[in-house]
Engineer: 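This is the structure, below, for whatever I ask next.
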Amino acid sequence: MTTTSMAGALTTALRDAMAADERVVVYGEDVGPLGGVFRVTDGLQAEFGSDRIWDSPLAESGIVGTAVGMALYGLRPVVEMQFDAFSYPAFEQIVSHVAKMRNRTRGRVGMPLVIRIPCSGDIGGVEHHSDSSEAYWTATPGLTVVTPSNPADAYSMLREAIDSDDPVIFLEPKSRYWMRADVEFPARETSFDRAHVVREGDDVTLLAYGPTVATALAAADQAAADGLSIEVVDLRSLSPFDDETVGASVRKTSRAAVIHEAAQFGGYGAEVAARVTERNFFHLSAPVLRITGFDVPYPSPKLEEYFLPTAERVLDAIETWQWEAR
């Protein structure tokens, strides 16, 4: 066992993937000698050389555009967008080319490309440095979209993403980079398209992912003091969606809520709520709730604490259901 942070687990995953396969190359803004803004690539250029990991120009469209060409010619590029909102200049390349290549070639051409995106808030970031853009990517057929919530998953999911012959949007919650846990490397667990039940419960299912898994667990701890048993499901894979694991949990508890930092209107939680309702309607005792950020642009650092969903907001939302005496 090694005690490591999520950032450290991601570094180890990149190092192991580069050592295992010389086709794996890593590049992006400041990922070379600096080791990345969040130090995820720290020390890798010194170990593997500047022909395997290098600094790119400040041009996200160029980063992804060249990665498409590299993937077509047999490399397995892993590129970093540095911050979530920095990925928008590459939107055209991702949506029109990365996501559609296999369909365009009727399955003959894969796209083994990983786009790492530090995502979400709770770090006091200024404009363009904190965002939750997952709904853009999950609304794009052809992209696999995953996000870890802990160091062990960070390692295993990134290794699986790099091994995939299809493009993966790999969302790394910035506020969890420094969380630490014991990990046994190489931590290769179940497939990254499966959700995990991270806390068993009987009364409510909380569906969370990335940064909000910790929020859901905190809410479950507080609710337990009042005799409410909450099950927490870490979705892990946003697209494809694990209907089997989520449905089994919802049918057991009969109540569900989804938590995310992005704005509510048109957010990822809307798809989750619709999907859960369509497939489990006759098992539900109450409407599926969404506990989210507000329908405003991501606020300044001084207002961030009022924008983010908290355990208290989760519990307040749950209390709006009609409950039989318990």
Engineer: Would you compute the distance between atom CD1 of Ile94 and atom OG1 of Thr140 and round it to the nearest 0.5 angstrom?
Structural biologist: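 Those atoms lie 8.5 Å apart.
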
Engineer: Please assess Phe83 against Phe86 for the test ring pair (Phe, Tyr, Trp, His ring centres under 6.0 Å), listing each intermediate value before the final yes or no.
Structural biologist: CA-CA 5 Å; Phe83 288 94; Phe86 288 14; 5.3 Å; yes

Engineer: Check whether any side-chain heavy atom of Trp54 lies under 4.5 Å from a side-chain heavy atom of Val25, and answer yes or no.
Structural biologist: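 SC-SC contact between Trp54 and Val25 confirmed.
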
Engineer: Quick check: closest heavy atoms across Thr105 and Val109, and the distance to 0.1 Å?
Structural biologist: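 Closest approach of Thr105 to Val109: OG1-N, 3.0 Å.
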
Engineer: With the side chain counted from C-beta on, respond yes when Val233 and Val198 share a heavy-atom pair under 4.5 Å apart, and no when they do not.
Structural biologist: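 Of all side-chain heavy-atom pairs linking Val198 with Val233, none is under 4.5 Å.
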
Engineer: Look at Arg52 together with Glu47 and state whether they make a salt bridge at an N to O cut-off of under 4.0 Å.
Structural biologist: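 No salt bridge links Arg52 with Glu47.
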
Engineer: Salt bridge or not for Asp165 and Arg102, using N-O below 4.0 Å?
Structural biologist: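 No, Asp165 and Arg102 are not salt-bridged.
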
Engineer: Can you confirm whether the side chains of Glu184 and Thr2 place a donor and an acceptor under 3.5 Å from each other?
Structural biologist: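 Absent: no donor and acceptor within the cut-off.
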
Engineer: In Å, rounded to the nearest 0.5 Å, how long is the span from CG of Asp131 to OG of Ser120?
Structural biologist: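 One finds 8.5 Å between CG of Asp131 and OG of Ser120.
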
Engineer: Of the non-hydrogen atoms in Pro211 and Arg176, which two are nearest, and what is the gap between them?
Structural biologist: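 Closest approach of Pro211 to Arg176, heavy atoms only: O-NH2, 2.5 Å.
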
Engineer: Apply side-chain contact (heavy atoms from CB on, under 4.5 Å) to Ile291 and Val258, showing your working.
Structural biologist: CA-CA 6 Å; Ile291 302 97; Val258 58; over 6 Å; no

Engineer: Would Tyr27 and Glu80 count as having a side-chain donor-acceptor pair, cut-off 3.5 Å?
Structural biologist: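 Side-chain D/A pair, Tyr27 to Glu80: absent.
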
Engineer: What's the spacing between Trp178 CH2 and Ser5 OG if we round to 0.5 Å?
Structural biologist: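 Reported value, rounded in 0.5 Å steps: 9.5 Å.
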
Engineer: Which class fits the ring pair His260 and Tyr209: parallel under 30°, tilted 30 to 60°, perpendicular over 60°?
Structural biologist: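 Ring orientation of His260 relative to Tyr209: tilted.
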
Engineer: Return yes if a side-chain donor-acceptor contact under 3.5 Å exists between Ser133 and Asp84, otherwise no.
Structural biologist: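 Their side chains do not contain a donor-acceptor pair, so the 3.5 Å distance test is not met.
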
Engineer: Would you call the rings of Phe294 and Phe307 parallel, tilted or perpendicular, taking 30° and 60° as the class edges?
Structural biologist: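 The rings of Phe294 and Phe307 stand perpendicular, inter-plane angle above 60°.
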
Engineer: Does Glu22 have more than 12 heavy atoms from other residues, nucleotides or ligands lying within 6.0 Å of its CD?
Structural biologist: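 Open: at most 12 neighbouring heavy atoms sit under 6.0 Å from CD of Glu22.
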
Engineer: For Arg23, is there an ion pair with Asp21 - N to carboxylate O distance below 4.0 angstrom?
Structural biologist: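 Between Arg23 and Asp21 there is a salt bridge, with a charged N closer than 4.0 Å to a carboxylate O.
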
Engineer: Thr205 and Glu231: side-chain donor and acceptor closer than 3.5 Å?
Structural biologist: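 There is no such pair (donor and acceptor under 3.5 Å, judged by atom type) between the side chains of Thr205 and Glu231.
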
Engineer: Given Met81 and Glu172, is the side-chain contact (heavy atoms from CB on, under 4.5 Å) satisfied, shown in steps?
Structural biologist: CA-CA 11 Å; Met81 293 288 98; Glu172 301 169 6; over 6 Å; no

Engineer: Check this for me, if you would: do Arg279 and Asp243 make a salt bridge, where the nitrogen-to-carboxylate-oxygen distance has to be below 4.0 angstrom?
Structural biologist: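 Salt bridge present between Arg279 and Asp243.
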
Engineer: Is it true that Glu92 and Ser96 share a donor-acceptor pair across their side chains at a distance under 3.5 Å?
Structural biologist: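 Their side chains do contain a donor-acceptor pair, which is all the 3.5 Å distance test asks for.
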
Engineer: Would Thr320 and Asp316 count as a side-chain contact (heavy atoms from CB on, under 4.5 Å) if you check the C-alpha gap in whole Å, the side-chain angles of each, and the deciding distance to 0.1 Å?
Structural biologist: CA-CA 7 Å; Thr320 65; Asp316 287 345; over 6 Å; no

Engineer: If we count only N and O atoms by modelled type, under 3.5 Å, do the side chains of Thr253 and Asp203 hold a donor and an acceptor together?
Structural biologist: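 No, Asp203 and Thr253 have no side-chain donor paired with an acceptor closer than 3.5 Å.
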
Engineer: Mind checking the CZ-CG spacing from Arg39 to Leu44? Nearest 0.5 Å is all I need.
Structural biologist: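 The distance works out to 12.5 Å.
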
Engineer: What I want to check is whether the side chains of Ser254 and Ser285 have a donor and an acceptor closer together than 3.5 Å.
Structural biologist: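 Checked: Ser254/Ser285 side chains pair up, N/O donor to acceptor below 3.5 Å.
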
Engineer: Under a plain distance cut-off of 3.5 Å, with no hydrogens placed, do Gln82 and Glu60 share a side-chain donor-acceptor pair?
Structural biologist: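 No pair is found: no donor N or O on one side chain lies under 3.5 Å from an acceptor on the other.
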
Engineer: Identify which one of Asp202, Leu217, Asp221, Leu206 satisfies the side chain to side chain contact (heavy atoms under 4.5 Å, CB included) criterion when paired with Ile230.
Structural biologist: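 So the option named by the test is Leu206.
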
Engineer: How far does CG of Asp242 sit from NE2 of His196, to the nearest 0.5 angstrom?
Structural biologist: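 Taking CG in Asp242 and NE2 in His196, the distance rounds to 9.0 Å.
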
Engineer: List the atom of Gly110, the atom of Met101, and the distance in Å for their closest heavy-atom pair.
Structural biologist: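 Scanning both residues completely, I find the closest heavy atoms to be O-CG, 4.5 Å.
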
Engineer: Give the intermediate values and the outcome of side-chain contact (heavy atoms from CB on, under 4.5 Å) for residues Phe241 and Thr138.
Structural biologist: CA-CA 10 Å; Phe241 188 82; Thr138 58; over 6 Å; no

Engineer: For the residue pair Thr292 and Ile259, establish whether any side-chain heavy-atom pair is separated by less than 4.5 Å.
Structural biologist: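 No, side chains not in contact.
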
Engineer: With a 4.5 Å heavy-atom cut-off, do Val276 and Val246 have their side chains touching?
Structural biologist: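 When only atoms from C-beta onward are counted, Val246 and Val276 do touch, with a gap below 4.5 Å.
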
Engineer: Hydrophobic cluster membership, with links at side-chain heavy-atom distances under 4.5 Å among I/L/V/M/F/W/Y: are Phe281 and Trp321 in one?
Structural biologist: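 Shared cluster, no.
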
Engineer: Verify whether the ring centers belonging to Tyr268 and Tyr136 lie closer than 6.0 Å.
Structural biologist: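 No, the ring centres sit 6.0 Å or more apart.
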
Engineer: Which atoms form the tightest heavy-atom contact between Ala152 and Val183, and what is the distance?
Structural biologist: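 Closest approach of Ala152 to Val183: N-CG2, 3.8 Å.
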
Engineer: I need the Ser191 OG to Glu160 CD distance, nearest 0.5 Å.
Structural biologist: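 Spacing of OG (Ser191) from CD (Glu160) equals 4.0 Å.
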
Engineer: On a heavy-atom basis, which atom in Ile117 and which in Trp137 lie closest, and how many Å separate them?
Structural biologist: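 Taking Ile117 first and Trp137 second, the nearest heavy atoms are CD1-NE1, 3.9 Å.
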
Engineer: Determine the sole option in Leu10, Ile162, Thr147 for which the side chain to side chain contact (heavy atoms under 4.5 Å, CB included) test with Phe170 is passed.
Structural biologist: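 So, applying the side chain to side chain contact (heavy atoms under 4.5 Å, CB included) to Phe170 and each of Leu10, Ile162, Thr147, only Leu10 qualifies.
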
Engineer: What I'd like to find out is whether the side chain of Asp193 reaches to under 4.5 Å of the side chain of Thr144, using heavy atoms alone.
Structural biologist: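 The answer is no; the side chains never approach within 4.5 Å.
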
Engineer: So do Arg116 and Val78 actually touch side chain to side chain, heavy atoms under 4.5 Å?
Structural biologist: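 Contact flag for Val78/Arg116 side chains = yes.
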
Engineer: Measure the shortest side-chain to side-chain distance between Asp55 and Val31 over non-hydrogen atoms and say whether it is less than 4.5 angstrom.
Structural biologist: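 In short, these two side chains touch, coming nearer than 4.5 Å.
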
Engineer: With a 4.5 Å cut-off on side-chain heavy atoms, are Arg236 and Val146 touching?
Structural biologist: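 Of all side-chain heavy-atom pairs linking Arg236 with Val146, none is under 4.5 Å.
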
Engineer: Which atom names give the shortest non-hydrogen contact between Gly36 and Thr41, and what distance separates them?
Structural biologist: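 Smallest heavy-atom distance, with atoms named: N-OG1, 3.4 Å.
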
